[in-house]
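This report refers to the structure that appears directly beneath it.
Just so it is clear, the model here is predicted, and its values are computed rather than measured. Labels below follow one simple rule: chain letters A, B, ... track the order of the sequence lines, proteins then strands, and each chain is numbered from 1.
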Amino acid sequence: MLPGLVLIGIFLIFPALWTIYLGLTDYRLTGLAAANPQVVGLDNYTTALGDDRFRNSLWLTVQYVLGSAVVGQAALGFAIAWMLRNRPGPVKRVTEGLVLLAWILPSSVVAFLWIALLDRDEGTLNALLHTPGFAWLLDYPMSSIIVFNIWRGTAFSMMLYGAALENVPPSHLETARLAGASTFQQLRDVVFPRIKGHVLTNLLLISLWTFNDFTSFQLTAGGPEGRSEILPVYIYNVALSGGQLGFGAAISFLVLLINLVFAFIYLRLLRGRRKVVVP
Amino acid sequence: MTRHALATIGRATFFAVVLGFFSLPLLWLASAPFDAHPSITTSLPEFTFGNFRSLLDNPYVMSSLRNSLLQAAGSAALVVVLAALAAYALSRVRVPGRDALLYVLLLLSSVVTGTAAMVPLFELATRLNLIDTHLGVILTLSGGLLPAAIFILKDFMDGTPTSYEESARVFGASPLQILRHIVIPLVRPGLATIAVWAVANVWGSFLQPFILLRDPDKSPGAVILYTLYTEGGAPRLDLISTFSLLYSLPVVVMYVFVSRRYGFRFHGGIKR
Amino acid sequence: ACGTGSESSDGSVTLIITSNAISGGKNAETADWTTRWVIPEFEKEQKAKGRQVHVLFQPSGVDDEQYKTKIALDLKSHAGADVIDVDGIWVGEFAQAGYIKPLSEVAGPEVDSWEGWSQIPKAVQGLGIFEDKKYGLPQGTDGRVLYFNKDLFKKAGLPADWQPKSWQEILDAGNALKAAGVPVPIQLNAGTAMGEATTMQGALPLLAGAGAQIWADGKWTGGSQALKDVLGFYHQIYTTGLGDPKLQQEAQGRDKSFAQFAEGKIGILAEGDYFWRAVVEPKAGVAPMQNRDAAVGYALIPSERPGSGIRGQDFVSMSGGAVRVLNPNSKNPKLAWELLSFMHSAKATTSQLAGAARITSRTDVNDEVLGVDPMLKFVSDEVLPITAYRPPLAVYPEVSVALQEATAAVVSGKTVDEAAAAYQQKVESLVGGAANVTS
Amino acid sequence: MISLSGLTKEFPGGVRAIDSLDLEIRDGEFFALLGPSGCGKTTLLRTIAGLETPTSGNVGIGGTDVTGLPPGRRDVAMVFQDYALFPHMDVTTNIAYPLRIKKVSRARREAKAAETASRLSLSELLARRPAQLSGGQQQRVALARAIASRPQVFLFDEPLSNLDARLRLEARTFLKRLQRELAVTTVFVTHDQGEALALADRIAVMNAGRITQVGTPSEVFHRPADPFVAGFIGSTPMNLLPASAEGGELHVAGAVLPLPRDIPDGPLVYGLRPEYADLSQSAPVGRRDAFSGKVAVVENLGTAHLVTLESGDLLIQVVVPEGDEPAVGASAWAAPRPGRALLYRDDRLLTGA
Amino acid sequence: MISLSGLTKEFPGGVRAIDSLDLEIRDGEFFALLGPSGCGKTTLLRTIAGLETPTSGNVGIGGTDVTGLPPGRRDVAMVFQDYALFPHMDVTTNIAYPLRIKKVSRARREAKAAETASRLSLSELLARRPAQLSGGQQQRVALARAIASRPQVFLFDEPLSNLDARLRLEARTFLKRLQRELAVTTVFVTHDQGEALALADRIAVMNAGRITQVGTPSEVFHRPADPFVAGFIGSTPMNLLPASAEGGELHVAGAVLPLPRDIPDGPLVYGLRPEYADLSQSAPVGRRDAFSGKVAVVENLGTAHLVTLESGDLLIQVVVPEGDEPAVGASAWAAPRPGRALLYRDDRLLTGA
Ligand SMILES: Nc1ncnc2c1ncn2[C@@H]1O[C@H](COP(=O)(O)OP(=O)(O)OP(=O)(O)O)[C@@H](O)[C@H]1O
Ligand SMILES: Nc1ncnc2c1ncn2[C@@H]1O[C@H](COP(=O)(O)OP(=O)(O)OP(=O)(O)O)[C@@H](O)[C@H]1O
Ligand SMILES: [Mg+2]
Ligand SMILES: [Mg+2]
């Protein structure tokens, strides 16, 4: 326990607070502001909130998180877990294996895979669909990275829901079936109330991870024209390419706050009954 | 009977679509490394092992895989051990606001893993004399991974019946013995999950090892993968695809091993 | 263990060189040259002087931004290699941050008496100069030209020794190519996905051709008439089907433009001499063209109209290049300088070329090696005299992004005035107000 | 009426949980499926409900073949061992759930739920959640939910086994009265023979996926068809002793008893309920028709005691009335009452001894 | 010897699971804690084991005060209701675990485990994991593990309740013999009065955190100290009927009975075990000392039947021997046997009636 606390203290809390402090300065990696950073208070925040590019990026991020994590990964992960429940044999193993493979492959490798899949001229997808020259990444950059992230991250939700479904007593589902309930009614009346807690955990984690997910940078680099510049890419562009570390730190903190808002929304939607529901 | 048939067809379609969706992007990784002239198109390769040969001429490739292994194993071990201890303590001790605290840590971890935290992390590593050491990379990455690991593991610990531990307590086992003899084996699938998750995360991370390491002999695969570009920034697909394959293999092997050995899932411990 | 040169117990001294080059990967030649030639030769030379010197090479092989971040972090924490390879335009920001110091301040008066200065043209020396102080030794430079495909030109009835004298002549050629069925008549880099390639190969040469420098006399160019002319030119190319607007948006757009040129799908392409040396180079190029010397033509980039360019020029270009700087925290600054100047000696420079042609910073070497390659001789003789350099200021990368955004806006259909106004506003916010911007 | 013919259920992996089973359950009957753990009781019940698809064979309910119908269309209600009350719904909503699925209007289904609840004395609890109910109350809510939709058949899977011992006895009587009133065909799974005897009109004793015996409680109790049933039925385990017929005499555990009928010589199994032997603490003089042994254990049954005698390697149990219990370690003799013993050969009942 | 004095355990949230309780358990005694669900039995056992810290009061084991000692140093062994066998260890390792904690060498603890296992007929199973064992086998492994460390005290928390009905009866006899042999002080929690009566040397009946009565099985059975104990003990629930004493006569459910002793007039509770009444199907002539009613339920008990009579609002149960059971719906009369009824006033036993 103690070494854990020390490690968390030194390598998590301390740098995190330092970063948050940097967010209050005009610190840059190079140039005059690197030699002599000034505390500028909330300037970074007001600048960011007044900046179209930031607001655009924020909106894209919200789409990205809602589309790929909340709807995509959570729904697909649940669907797979639901279909695989009580299903022995090779179908289960192969499906789980592939889904997990997408999750554990290194992100730089994965980016290449998707570029190869979606390329305008020679991509596998266009070859399959006989749509040569269709520019998925240019014409539908957000949809592309959303689908990409669904592919990438569904495994976690699948595993979590798989475990959660094991906790739904079969007798409850069967009671509903005996009453004549359809699959949808079973999910609504029996399964969902039972796994609320897991839904919450899942949404909290995948939202957080998706808010910070940087892999799409290697697919679209935020383009074209910032149409897929989600916040982590924006921070990368601002903090690393642009060297504005103070500003980037401020936005990181804003991302944290937005996550907090999401957490409250989830709690609200699930009516915060976690303790009661988790068995 | 038709109802049954329809359900079967529906299920088969679902699995076909899911399998297609998840396997399609992987095709490239299966073909390009063996293609004499790989492009970003997936095609039947003009079969060759030449790419492997030219890749192995690169002086850093094999050592980078070793470094990746070292750093990933180190971080995974650290994360698993510390997260298990912390999750156990948090799961068994009732502290008000425990969940909220954990969530705050989780949020902070998202700041630390971001781009903007590199200066603090770099300076921290400099002051602690951890620049250009594997340990520095391991500690820095572990710090970011721990909260989520604790978050997930705590669910596992909450799910194990206390009667096992109490039984051991009555026999006189100390808390550490209980942890070692009882709790750890019970949550082993959880630990395995966390370990694989940590390894996969470390395996893919570029920025921290890049800024913390000086000597390319210590650089992990993610950093070396970046070197396989030309002066003008064009990827050398023959090398990159081949390296990607080599670089993915250990993770896949580990996954297969772990899932065979310990089961790879969340919650629940071992079914009785 | 890391960081600046240090004295070890046996009295020997260790020096470290770093560069964004790595054996078997990015810029492998530089890495191999450093480890196989520089280090043994320098150690030998020092031994002859009775000194035990160990030189280590610290390779890297990543995006320039990431490399820059890493050395900035190193220098910030008073660590890092003794001799550091940087891009010329970083010199200003590093100097402003106090990360690097003028060479003579680090190594003493020997610097000013170095024989090499006389061999490096003043303009090229400028790559390492910030606020009139010499911070680094330039390694070489390059120049931007218009490449064209002679086969396609022939099909379109255009001359093989094409040399446009105005922008209109470029458009005319483009239209002729288009009529002859060339898929992409003109590739003029645009948009943010191309990054600095848009600025260096597109916006800045055009701006120079319209008579403006991006930064001059302490002021940045805003949404001026010159800029509007540049954007107008983009507008003409990308709204009349002379260019492929999609290509500009792809993350790998530049690589694709190379491949398409090599496949004979692009008529005219604005690029640096790198394109000639490393892309369409018949043997080791990224997109090799077996008949390069016969099929690829090159021409100077014309000003908007004859005489409308900067300094009243008819033709313009942009150049950049890498420099090597000394780490001000070096424990052995004088020795580090010896190493640095050794690396820039004629002998070293020649060896670095290893038979290949490229434009070095030294005229004595250039005179000797460039004869074998007419294209590089062309650049050296015709382009370098009319070229211009980017301002080495910390805020330049962001201004560059603003320029890229302006071109992107035009390519995707915004009007020139809108794009220019947005650019003006952006630049003002970047450089601290309207007072620092001309409009 | 429920009729099962040739019903077989084989699980993937080769476990044959039900093995070509035929059974008729009459209308309005309270029918118990009794057997040890793992014998296939639950599987059979679930196959009737439609929750398992039989590998072969047919299920008929009320005269129609329902083998291919989904559970929701068989008009049956099931009460699970764990009650399966939905924890997030209050009692009213739980009871009304089947009606909600059948799209009965809210007002009507609440009225119906309230009526059913009052019949089962649950009116006070309508607004509570299952977690706030005692075990007995939960069981009654589960019953109410099953009753509310007025099905043709009730299926109960060990509905009493989660209750504590005292409550179980009360619930048993309650259940029996309720079924009498509703007169709905009921199939009831249990591993407790006491429960089956007490409640059922007829009992099917199951073993390893097959039905060993079907009959009324007293048939099953008094004439168990084989030693398995004999050992399984009865509130104290029946003594089943190896015996042999030799020249018209029965040799069991050192005692020699008269053979009731003409039985060919050979080995037998001798079954005697502990209730049907009399214990004496003095050796019977000149007689060999009692088992002798040492008292190993005396268990108090309330109004009687169960005495376990050790006779060589064998254990013989006898129920003795209050006041007559011997001390542990004492010698004692157990004399079987005439006409009460059962004889088996090759697992088949020959006759009462 | 275990002695508890003034023991109180209050859980956060204000639940008083044990309420200033005093108790002495003698050396070598087989002691049962009996009571309904939630009465605090488990809490009491856990407090003895040291798994719960008492809010106040003291626990003594073998003459020393162990209130402050951790569980591992009290020299007790506990068998949990779910057995808590470690699922990742095989039977040998499970049994040897307490010895491993005591740092006994591997060879010696394996020998010891094998010896203990053979005593409990587990020798065949030593290499199996708990998941591969039947319920009864698991229970024996749990016992073996408790025995292996030779503790001063055994604590059993409902060790039989997870077994199926038949196995439970066998395990009961087994447990009793085992405890006799080992002669280790044993505290045994159950909610099944039959189990407590059959097994225990003495029983403590608990209710709501307090002990209502302590005594031998037959004391508790024959002279339950209050109506709660009276209702709780007995394999069929005792009839507890409102009654009143009026001028030397006892009026109960329409019958008039003689009053055994001088009891002041006033309301009483009349307790009668179903075993201590005789049922007749013809009306007794000229007598008022029988309860009359209609037969509502007849439950088969094997060698007897339990008949429930409806007499107005009251239900009266009677056990009738084989062959004498009435038809449901018939009228019948139940005559209490003299001297067997119990009378309570203000929850205190006055006397046998
Ligand atoms: N889903 C399943 N897959 C494989 N085997 C199963 C499945 N369900 C039950 N079985 C097996 O079928 C047999 C009968 O099981 P079933 O649950 O019907 O027994 P039961 O009589 O209800 O036992 P219990 O009294 O323990 O509930 C057992 O051997 C069991 O292991
Ligand atoms: N950890 C706890 N926190 C709060 N209350 C508790 C806790 N454990 C038990 N209780 C309460 O204390 C009372 C006694 O519980 P206990 O488990 O001792 O009952 P029991 O007699 O063993 O019941 P059962 O037969 O159901 O096991 C109950 O009301 C229970 O709800
Ligand atoms: Mg069952
Ligand atoms: Mg309990």
**Message:** Between A:H172 and D:P87, is there a side-chain heavy-atom distance shorter than 4.5 Å?
**Reply:** yes
**Asked** How long is the span from the OG1 atom in A:T175 to the CG atom in D:N94, to the nearest 0.5 Å?
**Response** 9.5 Å
**D:E170 atom CD, over 12 foreign heavy atoms within 6.0 Å** = yes
**Request:** Could you have a look at D:Y97, D:F80, D:Y83 and say which one has the most heavy-atom pairs with chain A under 4.5 angstrom?
**Result:** D:F80
**Prompt:** Which bit of D:L99 comes within less than 4.5 Å of chain A, counting heavy atoms only: side chain, backbone, both or neither?
**Reply:** neither
Show me, pair by pair, the donor-acceptor contacts under 3.5 angstrom made by side chains of residues 63-71 of chain A, not counting sequence neighbours?
residue : atom : partner : partner atom : Å
A:Y64   : OH   : A:D213  : OD2          : 2.9
A:S68   : OG   : A:Y64   : O            : 2.7
A:S68   : OG   : A:N149  : ND2          : 2.9

**Message:** Please check if the number of heavy atoms outside A:F264 that lie under 6.0 Å from its CZ is greater than 12.
**Reply:** no
**Message:** What I'd like to find out is whether the side chain of D:F86 reaches to under 4.5 Å of the side chain of A:D189, using heavy atoms alone.
**Reply:** no
**Per-residue contact mode, D:R74 against chain A (heavy atom under 4.5 angstrom)** = neither
**Complete:** In this structure, CD of A:Q186 is separated from CD1 of D:I101 (nearest 0.5 Å) by 8.5 Å
**Item:** Minimum heavy-atom distance D:K102-A:A179, with the two atoms named
**Value:** NZ-O, 4.0 Å
**Prompt:** Any donor-acceptor pair under 3.5 Å linking the side chain of D:H88 with the backbone of A:V190?
**Reply:** no
**Asked** Is it the case that more than 12 heavy atoms not belonging to D:R108 sit under 6.0 Å from its CZ atom?
**Response** no
**Prompt:** Got a second to check how far A:L173's CG is from D:L51's CG, nearest 0.5 Å?
**Reply:** 10.5 Å
**Request:** Take atom OH of A:Y140 as the centre, draw a 6.0 Å sphere, and report whether it contains more than 12 heavy atoms from other residues, nucleotides or ligands.
**Result:** no
**Request:** Name all pairs fulfilling the salt bridge (Lys or Arg N to Asp or Glu O under 4.0 Å) condition that reach into residues 28-51 of chain D, sequence neighbours left out, sorted by first residue then second.
**Result:** A:E174-D:R46, D:R26-D:E29, D:E29-D:R202, D:R46-D:E52
